[in-house]
Structures are given as structure tokens and as C-alpha cells.
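Notes follow the structure.
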Amino acid sequence: MSSLTNSTVSHYIDVRSDTVTKPTASMRQAMFEAEVGDDVYGDDPTVLKLQSMAAKLLGKEAALFVPSGTMGNLISVLTHCNMFGSEMILGDQSHIYFYEQGGSATLGRVHSRVVQTQPDGTLLLSDIEKVIRPFPANDDHFPITKLICLENTHNRMGGKILSVEYTNSIGELCKKHGIKLHMDGARLMNAAVELNIEPSKLVESCDSVSFCLSKALAAPVGSIIAGTVDFIKQAKRLRKVLGGGLRQSGILAAAGILSITEMPKLLKNDHENAKILAVGLAKIDGIDITASEVQTNIVVINLNSDKLSIDAPTLASKLKANHKILISASEITRIRFVIHYMITTENIEFILRQIQHELDQYRK
Ligand SMILES: Cc1ncc(COP(=O)(O)O)c(C=O)c1O
């Protein structure tokens with residue numbers, strides 16, 4: 001993790017993640033002016049307004065403001081898997097499985113049944129069908145399949161979009177087996193904007209959705225979970241026990257309201273910049289990427305070790321030290337760039353030039 005201070009980081013071109021976005025001027029103004037109350041008592045009008053707008057946006061009965069996407073996923077999983085021996089089916093590359101410290105197991109005693117995530121972010125229907133436990137059945141050996149989790153857009157698969165048809169097909173499967181469907185929609189708005197459809201359409205067959213305000217939508221803090229009134233009632237109890245019951249959180253919700261009203265129109269531009277970056281990277285010898293596969297704001301590349309004698313973390317430190325560019329390189333050859341509203345097309349061109357310049361010094 002970076003130890004850059006706020007004043008130094010502003011001089012950097014930061015494409016490590018879309019979580020680095022800072023609140024816009026209008027967000028800061030709205031936060032300043034927000035009408036607030038104690039949200040644990042249900043008294044904060046701005047939080048209530050955000051929750052009602054978000055429920056409508058996602059086509060669900062109710063919504064809840066939570067501090068983070070990780071907490072939103074955890075609360076959703078725990079709410080659905082509320083009995084001993086519950087199991088959820090999810091992808092081996094999903095954020096919930098890969099990046100959330102196994103919280104569902106540690107804190108919720110929920111067992112994960114993992115299937116392979118496909119390059120397009122989907123899980124194969126046939127893979128899922130194979131691992132659904134036979135229930136009801138008189139066999140005490142097995143956990144009980146309670147939940148399937150999907151992710152749209154898919155972070156580790158490079159911002160891939162799950163289509164309405166695909167999600168509905170998993171929804172059908174869930175209905176057939178009496179299983180709930182949760183969507184980790186941290187970047188659902190990116191998918192909706194790119195497909196030019198309502199976000200609600202993408203999650204119509206999901207029992208719950210989590211959705212981040214603090215990524216490309218620029219809010220400083222916060223996520224939303226949505227589902228039925230009963231689901232949200234249970235979720236609210238869990239939010240409290242996890243320490244997520246906030247008090248005058250209308251200050252944060254005020255920014256969140258602009259995240260869902262003002263920010264979506266900027267996402268298309270992020271996607272276009274991501275494509276410019278991908279096309280440029282594909283032209284640099286030694287970088288493996290299929291530019292046409294980039295769909296939203298995430299670009300993932302691999303450095304070809306047959307052609308280059310530099311690894312990803314070293315390239316990241318060179319770009320930072322020599323050019324004030326921050327990229328995400330936590331694996332040996334893999335690099336992730338995430339484009340957001342603070343990144344211009346000129347920034348992208350600069351990044352491309354400096355990567356070319358650095359790699360030229362490490363050719364085999
Ligand atoms: C797909 C996905 N889900 C959930 C999260 C977790 O969000 P947060 O960082 O707010 O906990 C992230 C964060 O990057 C994510 O990419």
C-alpha cells in the first residue's frame with residue numbers, strides 16, 4: 001500500500017484503482033450543506049433519501065447505506081446464509097473469494113464452493129450445476145447450498161461485463177434449486193453505462209446487490225446493498241454488529257447522491273480512455289494484452305518475460321520514481337490500470353510514452 005501523503009499524491013497520475021478518486025467540488029459542497037441526523041435511529045434524512053434513490057435505481061424494494069463494498073458483500077452473504085452448514089458457490093477469481101480475507105468463513109461460518117471464473121467473468125452454468133448440493137436430502141455429510149455470487153463488472157477479469165441474459169440464466173437456475181443470488185456489483189454502473197441500460201435491468205433476477213459509491217463514482221466513502229424489505233431489515237441488524245452503524249452519515253450520503261445522479265455520465269469517457277490505453281499498450285512489444293477485450297474502465301496486461309527482463313513491481317517503482325505514475329503491480333508479471341474521472345486522455349498518452357521508454361531499457 002502507498003504511503004504517499006495527500007499533498008504529494010495529487011501530483012501523481014494515479015491509475016492503481018478507481019478507489020483513489022477524490023470527491024468532486026459539487027460533492028464537497030453537498031457534504032457541507034447536508035441535512036443530517038442519527039442514522040442508527042433512522043433519523044438522517046440524507047441517508048434515507050440516498051437509500052430510497054438507490055433502491056429505485058436497482059429496482060429493489062429497499063436499500064441500505066454501508067461503509068464499504070467488503071461490508072456490503074459480507075452482510076449480504078451472512079443474511080442469505082443464516083443457518084449452520086450454509087454454502088455459497090462463487091468464482092475462484094471473485095472479489096469475495098479472492099480479496100475479502102475469507103470474511104464469510106471467518107465471521108459467518110459460510111463455506112465457499114469455488115468454481116472456475118471464465119475469462120469473460122462468467123461462471124459456467126454446467127460448472128455450477130455440478131456443485132449444487134443435493135438438498136433436501138437425507139445426507140448429513142453435506143453443507144446446504146444457499147447462495148450463488150456473481151460479480152459485474154468483474155474486477156480480476158479486467159472489468160468484464162455480465163450480460164442481462166447471462167445473469168437471468170443463473171437466476172433461473174437459482175429459482176429451480178431454491179438458492180439465492182447475490183450480485184457483487186461494485187462497478188455495476190460501469191456495466192450499465194457501457195450497455196446503455198438501466199442498472200436495475202442487470203440485477204432483475206438477483207435477490208441482493210452490493211454497489212460501490214466510492215470507486216469511479218467518486219464518493220469518499222460508502223456502498224449500497226439492496227434487496228427485499230425483509231432482507232434489508234436483517235442486513236441492518238448485521239451492519240450494526242459489524243460496527244457499520246454510522247451516526248450523522250448524511251455527510252457521506254450527500255456525496256453518494258451525486259455519485260448516482262452526476263457521475264454516471266462521466267463513465268463512458270473513462271471507458272474510452274481505457275480503450276485508448278489498451279490499444280496503445282498492445283502496440284508496445286513485450287506487453288501481452290488483447291485490446292479489443294477491454295470493455296469498461298479496467299485494463300490488465302502481462303509483461304512477457306521471454307522479451308523483457310523487468311518484472312511488474314520493478315516497472316511500477318520506475319514509473320513512480322521517474323515519471324510520477326502510479327500503477328497496480330502486486331503480481332510478478334501482471335499489471336492493472338483503472339481509469340477514472342481524474343485521468344485525462346493526455347495522461348493516458350503520457351503513461352504510454354513513459355512505459356515504452358522504461359521497457360526499451362529492459363529488452364532481451
Ligand atoms: C468487485 C469488487 N467488489 C468489492 C470490492 C470491495 O470494496 P471496498 O474496497 O469498498 O471494500 C471491490 C474493491 O475494489 C471490488 O473491486
Side-chain angles (χ1 to χ4, degrees), residues 1-2 14-23 54 58 64-78 88 90-104 106-107 112 117 120-123 147-162 167 182-192 194 199 202-203 206 208-226 235 238-239 242-244 246 249 252-253 255-256 259-260 263 267 270 274 295-300 326-328 330-331 334 336-340:
M1 279 293 108
S2 167
D14 193 347
V15 288
R16 288 170 301 172
S17 175
D18 43 10
T19 55
V20 304
T21 47
K22 295 181 185 178
L58 298 167
L64 187 70
F65 182 63
V66 294
S68 69
T70 301
M71 192 187 283
N73 283 333
L74 181 63
I75 290 173
S76 300
V77 170
L78 268 51
M88 64 174 165
L90 74 176
D92 61 352
Q93 300 298 311
S94 64
H95 197 278
I96 296 178
Y97 182 69
F98 204 92
Y99 287 121
E100 296 182 12
Q101 262 193 43
S104 307
T106 352
L107 302 174
S112 285
T117 306
D120 65 357
T122 62
L123 311 178
L147 180 67
I148 295 175
C149 299
L150 298 176
E151 187 175 315
N152 197 8
T153 65
H154 201 291
N155 178 352
R156 277 190 66 80
M157 290 324 199
K160 292 286 175 1
I161 297 173
L162 302 188
T167 304
H182 172 68
M183 178 63 79
D184 175 356
R187 297 184 181 82
L188 190 75
M189 194 59 88
N190 292 80
E194 188 59 29
L202 285 165
V203 291
C206 300
S208 59
V209 193
S210 60
F211 166 73
C212 291
L213 303 163
S214 63
K215 297 198 163 59
L217 301 180
V221 176
S223 283
I224 290 289
I225 52 180
L238 277 171
R239 182 184 70 172
L242 292 171
L246 304 177
S249 41
L252 303 171
S259 291
I260 58 178
M263 295 307 290
L267 296 182
D270 295 345
Q295 297 177 345
T296 55
N297 67 332
I298 302 180
V299 179
V300 175
L326 301 174
I327 60 172
S328 177
S330 53
E331 292 165 44
R334 186 180 195 269
R336 187 188 73 163
F337 306 80
V338 190
I339 308 307
H340 49 79

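Each ligand, and each atom within it, is numbered from 1 in the order the structure gives. Note that the coordinates shown come from a computational prediction; the quantities given were computed from them, not determined experimentally.
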At under 4.0 Å between heavy atoms, which part of Thr70 makes contact with ligand 1: side chain, backbone, both or neither?
-> both

Considering only heavy atoms of Glu100, which atoms of ligand 1 have at least one such atom less than 4.0 Å away?
-> 4 (C)

Donor on one side chain, acceptor on other, Asn190 and Thr153, under 3.5 Å = no

Check against side chain to side chain contact (heavy atoms under 4.5 Å, CB included), Ser210 and Ser223 = CA-CA 7 Å; Ser210 60; Ser223 283; 5.9 Å; no

Does an N or O anywhere in Asp184 fall below 3.5 Å from an N or O of ligand 1?
-> yes

Ligand 1 versus Ala186: contacting region, heavy-atom distance under 4.0 Å | side chain

What is the closest protein heavy atom to atom 10 (O) of ligand 1, and at what distance does it sit?
-> Gly69 N, 2.8 Å

Strictly by modelled atom types, are His340 and Thr21 linked by a side-chain donor-acceptor pair under 3.5 Å?
-> no

How close does the nearest protein non-hydrogen atom get to atom 1 (C) of ligand 1, and which residue and atom is it?
-> Glu151 OE2, 3.3 Å

Between His154 and Gln93, a side-chain donor and acceptor under 3.5 Å = no

Tell me, which protein residue and heavy-atom name are nearest atom 5 (C) of ligand 1, and how many Å apart are they?
-> His95 CE1, 3.2 Å

At a 4.0 Å threshold, what atoms of ligand 1 neighbour a non-hydrogen atom of Arg187?
-> 14 (O), 15 (C), 16 (O)

Would you check if Asn297 and Arg187 make a side-chain contact, meaning some heavy-atom pair closer than 4.5 Å?
-> yes

In terms of side-chain geometry, is the basic nitrogen of Arg156 or Glu331 positioned less than 4.0 Å from the acidic oxygen of its partner?
-> yes

Is there a donor-acceptor pair under 3.5 Å between the side chain of Ser208 and the backbone N or O of Ala226?
-> no

Any non-hydrogen atom of His154 lying under 4.0 Å from ligand 1?
-> no

Under 3.5 Å between some N or O of ligand 1 and some N or O of Ser223?
-> no

Logged contact type for Met71 with ligand 1, heavy-atom cut-off 4.0 Å, is neither

Would you find a donor on one side and an acceptor on the other, under 3.5 Å apart, between the side chain of Glu151 and the backbone of His95?
-> yes

Under 4.0 Å from any heavy atom of Ser68, which atoms of ligand 1 are there?
-> 10 (O), 11 (O)

State if Thr19 counts as touching ligand 1 under the rule of any non-hydrogen atom under 4.0 Å.
-> no

of all protein heavy atoms, closest to atom 13 (C) of ligand 1 is Lys215 CE, 2.9 Å

Do Ile224 and Leu213 touch side chain to side chain, with heavy atoms closer than 4.5 Å?
-> yes

